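In what follows, a single structure is set out as structure tokens and then discussed.
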Amino acid sequence: MAEPGEDHTDTDQLDSKPWFSKRSPADQPNAVSSNACVIKRDPDPYRYSMDYPDMGICLIINNKNFEKNTNMGSRTGTDKDAGNAFKTFTKLGYKTKIYNDQTMDQMKELFRKMSSQDHSKYASFACVILSHGEEGVIYGTDGPVLFDKLIEGMKGNGCRTLVGKPKLFFIQACRGSLFDEGLEIEHDAREDESEKIPLEADFLYAYSTTPGYYSWRSTANGSWFIQSLCEMLEKFSKTLDLMRIMTRVNYKVAMQFESSSSMPGFSGKKQIPCIVSMLTKDFYFPIESK
């Protein structure tokens, strides 16, 4: 499915292709050793400690240009996302670095290096991935890689100095080929007014979209999700925990965006991000970055 040409000043595009190759099931991950890992006890059992010399590393993977054989178009507008994410996470205290146009092997090597690095002095780890995608898959510039396999080394015994610390992933990529048409609703107090909400809204499960759906990106302003994420982090990082911030990201994407495209049938679509949290404590950014 061809995307609108880059001559359009501002148009919404998709981070996927219209058909998907069949994949074999992923190999089972290697068994984790039972060796104990000593971690610092947080003073508050319900709140992650920020009592470390640094916030941590923020890795930004910004894939814009793809090899012809992938059938993936250029992700115009992604540089805006990468720049906004770099600015936002640097202000939050992270040691932030952008890696542009990474192949499958280069992405695997980045995470291998991250997992083998000493994070003892860091409070957390963050990663922003900007690319094309399918459900469970992220695209390198030369093809797809299973997301779980990509970050496998960051889990458990793979990265012992991050055990017990929050590991945050923000993923801007499609997760399927469905459109969210939205649903017209009327408010009791304003019967003469209506607005659209996404069909998938109001479920609690940071992906840019729900499983099976397209994810939208403005060629001029960047993706809806990263725009909203950066704005809400900058606005609320000193007062709210991360999960409440992400709920505000959901609201902004759901209520303040609707697709506008020159392609027939691509306008008037909605989107809702999807938060899957296994965090065990509240995550508050430090009020003053170190």
Side-chain angles (χ1 to χ4, degrees), residues 1-18 58-91 94 96-104 106-107 110-111 126-135 137-145 147 150-151 168-177 206-209 213-234 249 252-253 256-263 266 269 271 273-274:
M1 184 181 296
E3 292 185 324
E6 294 189 14
D7 56 326
H8 295 283
T9 304
D10 183 10
T11 184
D12 295 308
Q13 297 182 349
L14 299 169
D15 283 330
S16 183
K17 61 185 179 182
C58 177
L59 178 67
I60 300 176
I61 297 176
N62 179 38
N63 290 342
K64 178 179 181 179
N65 304 298
F66 296 79
E67 294 182 9
K68 188 176 181 179
N69 66 336
T70 65
N71 293 320
M72 293 295 189
S74 177
R75 300 183 60 255
T76 311
T78 190
D79 292 337
K80 183 78 170 181
D81 280 346
N84 285 341
F86 182 89
K87 175 184 175 184
T88 298
F89 282 91
T90 299
K91 285 180 67 175
Y94 286 94
T96 310
K97 189 167 183 179
I98 299 174
Y99 295 85
N100 293 312
D101 289 342
Q102 298 292 289
T103 65
M104 292 184 287
Q106 286 173 330
M107 290 196 298
L110 279 176
F111 282 107
C127 178
V128 179
I129 299 178
L130 313 169
S131 191
H132 285 300
E134 302 168 10
E135 178 54 26
V137 164
I138 298 297
Y139 269 78
T141 57
D142 57 345
V145 59
F147 178 67
L150 187 64
I151 66 169
L168 314 175
F169 292 87
F170 305 92
I171 304 161
Q172 168 57 41
C174 283
R175 303 179 72 186
S177 58
Y207 290 93
S208 60
T209 191
Y213 283 85
Y214 281 125
S215 185
W216 292 94
R217 166 178 37 83
S218 162
T219 55
N221 301 313
S223 63
W224 302 356
F225 176 62
I226 298 298
Q227 288 182 62
S228 303
L229 174 67
C230 292
E231 180 182 336
M232 295 300 107
L233 283 173
E234 297 211 18
V249 173
K252 182 174 178 63
V253 173
Q256 298 184 18
F257 289 91
E258 188 171 310
S259 65
S260 174
S261 175
S262 60
M263 294 182 66
F266 276 59
K269 310 305 180 186
Q271 180 179 321
C274 178

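Note that the structure is a prediction, hence the values are computed from the model and not measured.
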Taking Asp142 for its side chain and Met104 for its backbone only, find out whether a donor-acceptor pair lies under 3.5 Å.
yes
Ile61 and Phe111, any side-chain heavy atoms less than 4.5 Å apart:
yes
Tell me whether Thr219 contacts the main-chain N or O of Thr11 through its side chain, where contact means a donor paired with an acceptor under 3.5 Å.
yes
Any sub-3.5 Å donor-acceptor pair from Ser131's side-chain atoms to Tyr139's backbone N or O?
yes
Is Ser259 reaching over with its side chain to a backbone N or O of Phe266, donor-acceptor style, under 3.5 angstrom?
yes
Is there a side-chain contact between Gln227 and Lys80 (heavy atoms, below 4.5 Å)?
no
Has the side chain of His132 got a donor or acceptor atom that lies under 3.5 Å from a matching backbone atom of Arg75?
no
May I ask you to decide if Thr78's main-chain N or O and Arg217's side chain share a donor-acceptor pair within less than 3.5 Å?
no
Between Ser208 (side chain) and Ala173 (backbone), is there a donor-acceptor pair under 3.5 Å?
yes
Go through the steps for Asn62 and Phe86 under the test side chain to side chain contact (heavy atoms under 4.5 Å, CB included), then give the verdict.
CA-CA 11 Å; Asn62 179 38; Phe86 182 89; over 6 Å; no
With salt bridge (Lys or Arg N to Asp or Glu O under 4.0 Å) as the test, pick out the partner of Lys64 among Asp81, Asp101, Asp79.
Asp79
With heavy-atom distances below 4.5 Å as the criterion, would you say the side chains of Leu233 and Phe89 are in contact?
yes
With a 4.5 Å limit on heavy-atom distance, are the side chains of Lys269 and Asp12 in contact?
no
Please check: side-chain N/O of Gln102 versus main-chain N/O of Asn100, any donor-acceptor pairing under 3.5 Å?
yes
Do the non-hydrogen side-chain atoms of Ser215 and Arg175 ever get within less than 4.5 Å of each other?
no
Mark yes or no for whether Gln271, through its side chain, and Trp224, through its backbone, hold a donor-acceptor pair below 3.5 Å.
no
Quick one: sort the Phe147 and Phe169 rings into parallel, tilted or perpendicular, breaks at 30° and 60°.
perpendicular
Please check: side-chain N/O of Thr209 versus main-chain N/O of Tyr214, any donor-acceptor pairing under 3.5 Å?
yes
